[in-house]
Each structure stands twice: as C-alpha cells, then as structure tokens.
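Notes for the one structure printed next.
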Amino acid sequence: MRNSSQVFRFLILTMLGIISFLIFSSLAMHYYSGGTLENPQKIGYSFISNKFSDLGMTISYSGVSNKISFLLFNSSLILAGISLIPFILIITRLISANISIEKKKMKQLQILGIIAALNFSFVGLTPKNLPWAIVLHTLFQDVAFVGLFFFQIWIIYLLKKTKLSKILPFIFQIVVLIQGVYLLFLFRIIPATNEIHCIAQKIIVYAQLLAFLIQSLLLLLKEEQTRINLLMKKKK
C-alpha cells in the first residue's frame with residue numbers, strides 16, 4: 001500500500017477515531033449518572049473509583065438511567081476500535097515493504113491486530129450491567145488487551161529490523177511495558193484495590209491511544225515527506 005492518498009486517508013481515520021473517543025468519553029464522564037461499585041450514592045463520575053466500562057452501563061451504580069453516558073461512551077469506543085484497523089494495515093504493510101517476511105506471517109500479524117481492535121469495539125456492544133453481556137464484556141476486554149499486547153511486541157521486533165523509524169518501536173516499547181504491568185492487575189496476578197485498578201486502566205488506555213495517535217501522525221509526516229521527495233526528483 002504505497003498510494004499516498006490512501007495512506008493519508010487511513011491514518012486520518014485512525015486519528016479521528018482516537019480523538020473522538022477522547023472527547024466523547026470525557027463528555028460521558030460529565031454526564032455519568034453517579035455511583036461506584038463500593039459507593040452507589042456517590043455523585044457523578046470518580047476518576048479513581050469508576051472504571052471506563054462504568055460509563056457504558058445502561059443504568060449506573062446509583063440505580064439511575066445512564067442513557068447519555070451510555071450512548072456517548074459506547075459509540076465512541078466502537079468507533080475507536082474500528083479506527084485502529086487502518087493503522088494496523090498501514091504499519092504491517094509498511095514493514096513488509098521494507099523487510100523480507102513471509103506473507104503468511106504478516107497476515108497472521110494483521111489478523112491478531114484486527115481481532116484485538118475489534119474486541120475493543122465489542123466491549124462497547126456489551127454493557128457490563130446487563131446479565132447476558134457481563135461474561136462477553138469481560139472476554140472481549142481480556143482478548144483486546146492481551147491481543148494488542150502481543151501484537152505490539154511483534155511489531156517492535158519487526159520495526160527494529162527496518163529503517164522506517166527509531167521512534168516508532170520506542171513508543172511501542174513504553175506502551176508494552178505499561179500494559180504488561182496492567183495485565184498483572186487485570187488477571188489478579190498482583191492484588192490491587194479497586195482504586196488502583198481504575199487508575200491503572202486509565203493510564204494504559206490513554207497511553208495506548210496517545211501512542212497510536214502519535215505514531216499515526218509520524219507516519220503521516222513521513223509519507224508526506226516521501227511524496228515531496230518524489231516530486232522533487234521528477235522536477236529534476
């Protein structure tokens with residue numbers, strides 16, 4: 001995929017999806033109808049006591065309808081998950097264009113990344129307060145985080161074999177380190193209070209989103225520079 005306009009569109013889609021999630025999830029926090037797991041009477045959304053998925057419940061812990069927050073958060077999460085797919089396709093195809101790698105292995109890497117991305121969207125389709133959805137919600141969440149963790153490790157290894165950029169694998173390394181710690185909390189390998197878990201979740205989610213946002217911007221700038229260089233060569 002070396003069509004500059006296509007690369008541009010794909011990366012813009014990723015950036016728009018991430019920015020939309022950051023904006024609408026913040027609005028969802030504002031409109032959250034209140035309550036935490038430990039204190040249903042608590043007013044509003046607590047950054048340290050509520051999880052992200054609390055925003056997506058149809059009825060909050062306070063027992064009040066959570067319709068606005070539910071719509072804002074889940075729709076933006078679904079969009080954010082889908083918007084990661086263009087980036088996954090771009091980064092994997094750029095890698096395959098710069099190093100020798102079996103098509104089968106590259107396809108497996110793409111599938112792993114896409115499955116992880118789609119599972120974030122599936123989380124938005126399964127509000128955890130609904131009896132039929134809680135098991136699926138937890139499953140999708142776990143698959144999303146674990147899948148993205150191994151996808152990024154694989155990407156780091158391949159990026160280091162290319163001459164694309166030294167910054168891209170470095171950014172992923174930081175995120176993988178943070179996510180590795182979060183997974184220890186997620187699967188209860190390291191015991192943690194609800195507050196620690198809530199804070200850790202927000203750190204990894206924001207770290208992941210910022211990493212994809214920055215990398216999309218860097219690839220966009222790199223693609224634009226390549227296009228300008230080609231134009232300059234043609235003029236000569």
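The basis for the numbers below is simple: all heavy atoms, side chains too, and nothing from hydrogens, waters or symmetry mates. The first residue in the sequence is number 1, and the count goes up from there.
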Answer with yes or no whether the side chains of Thr36 and Ser49 bring together a donor and an acceptor at under 3.5 Å. no
Let me confirm one number: the CD1-CZ distance from Ile156 to Phe151, rounded to the nearest 0.5 Å. 10.5 Å
Is a side-chain N or O of Tyr45 found less than 3.5 angstrom from the main chain of Leu55, in a donor-acceptor match? no
Can you tell if the side chain of Phe122 reaches within under 4.5 Å of the side chain of Leu125, non-hydrogen atoms only? yes
Where the side chain of Gln179 meets the backbone of Phe145, is there a donor-acceptor pair that is under 3.5 Å apart? yes
Validation row: Ser33, Ser62 side chains within 4.5 angstrom (heavy atoms): yes
Would you sort out whether Leu219 and Leu168 count as a side-chain contact (heavy atoms from CB on, under 4.5 Å), showing the intermediate values? CA-CA 9 Å; Leu219 289 175; Leu168 294 178; 3.7 Å; yes
When you look at Ile153 and Phe149, which way does the side-chain contact (heavy atoms from CB on, under 4.5 Å) test go after all the steps? CA-CA 6 Å; Ile153 290 176; Phe149 179 71; 3.5 Å; yes
Using side-chain contact (heavy atoms from CB on, under 4.5 Å), reason through Leu109 and Leu158 one step at a time and then give a plain yes or no. CA-CA 11 Å; Leu109 179 57; Leu158 294 176; 3.6 Å; yes
Can you tell if the side chain of Ile114 reaches within under 4.5 Å of the side chain of Leu89, non-hydrogen atoms only? yes
Closest contact, heavy atoms only, Leu11 versus Ser216: CD1-O, 3.7 Å
Where is the tightest heavy-atom contact between Asn50 and Gly44, given as atom of each residue plus distance? OD1-O, 4.2 Å
If you draw a 6.0 Å radius around CG in Leu130, do more than 12 non-hydrogen atoms from other residues or ligands fall strictly inside? yes
So Asp54 and Asn66, side-chain contact (heavy atoms from CB on, under 4.5 Å) or not? Walk me through it. CA-CA 9 Å; Asp54 294 350; Asn66 194 44; over 6 Å; no
Linking I/L/V/M/F/W/Y whenever any side-chain heavy atoms sit under 4.5 Å apart, do Leu112 and Met106 land together? yes
Determine the interplanar angle of the Phe47 and Tyr206 rings, folded into 0 to 90°, and report it as parallel if under 30°, tilted if 30 to 60°, perpendicular if over 60°. parallel
Check: His197 ring centroid to Tyr182 ring centroid under 6.0 Å: yes
Considering non-hydrogen atoms only, spot the tightest contact between Gly113 and Ile88 and give its length. O-CD1, 3.1 Å
Examine Val64 and Leu37 and state if one hydrophobic cluster contains both, with Ile, Leu, Val, Met, Phe, Trp and Tyr joined whenever side-chain heavy atoms are less than 4.5 Å apart. no
Please answer: with hydrophobic residues joined when any side-chain heavy atoms are less than 4.5 Å apart, are Phe187 and Ile134 in the same cluster? no
Working to the nearest 0.5 angstrom, can you tell me the gap between Ser165 OG and Leu94 CG? 11.0 Å
How about Ser26 and His30: do any of their side-chain heavy atoms sit closer than 4.5 Å? no
Let me check something: do Leu79 and Ile68 share a hydrophobic cluster, defined by ILVMFWY side-chain heavy atoms less than 4.5 Å apart, either directly or through other members? no
Give a yes or no on whether the backbone of Ile82 and the side-chain of Ser121 come within a donor-acceptor separation of less than 3.5 Å. yes
Would you kindly confirm whether Val143 and Val176 end up in one hydrophobic cluster when ILVMFWY residues are joined by side chain heavy atoms under 4.5 Å apart? no
Spatial distance of atom CG (Leu209) from atom OG1 (Thr14) [nearest 0.5 Å]: 11.5 Å
State, with a plain yes or no, whether a side-chain heavy atom of Val181 is found less than 4.5 Å away from one of Ile204. no
Honestly, is Lys42 close enough over Tyr61, meaning NZ or CZ under 6.0 Å from the six-membered ring centre and within 45° of the axis? no
Can you find a side-chain donor-acceptor pair between Gln173 and Gln152 that sits under 3.5 Å? no
Please check if atom CD1 in Ile99 has more than 12 non-hydrogen atoms from other residues, nucleotides or ligands closer than 6.0 Å. yes
Locate the shortest heavy-atom distance separating Lys51 from Lys202; write the atom from each residue and the value. CA-NZ, 4.1 Å
Which heavy atom in Ser60 sits nearest to a heavy atom in Gly34, and how many Å separate them? OG-O, 2.9 Å
For the atom pair CE (Met57) and OG (Ser69), what is the distance rounded to the nearest 0.5 Å? 8.5 Å
Phe120 side chain reached by Gln208 side chain, heavy atoms, under 4.5 Å: no
Evaluate Thr58 against Asn129 for side chain to side chain donor-acceptor pair (under 3.5 Å), listing each step before the verdict. CA-CA 7 Å; Thr58 56; Asn129 67 300; 2.7 Å; yes
Min side-chain heavy-atom separation Leu13-Phe8 under 4.5 Å: no
Can the ring centres of Tyr31 and Phe73 be said to be less than 6.0 Å apart? no
Which class fits the ring pair Phe212 and Phe87: parallel under 30°, tilted 30 to 60°, perpendicular over 60°? perpendicular
With no hydrogens and no angle check, is any side-chain donor or acceptor of His137 less than 3.5 Å from a backbone partner on Pro127? no
Heavy-atom check, side chain of Leu77 versus side chain of Phe24, under 4.5 Å: no
Could you state the interatomic distance from CG (Leu220) to CD1 (Ile90), rounded to the nearest 0.5 Å? 10.0 Å
So which heavy atom on Ser20 is nearest to which on Ser76, and how close? O-CB, 4.2 Å
As an exercise, state the distance from OG of Ser96 to CD1 of Ile91, rounded to the nearest 0.5 Å. 10.5 Å
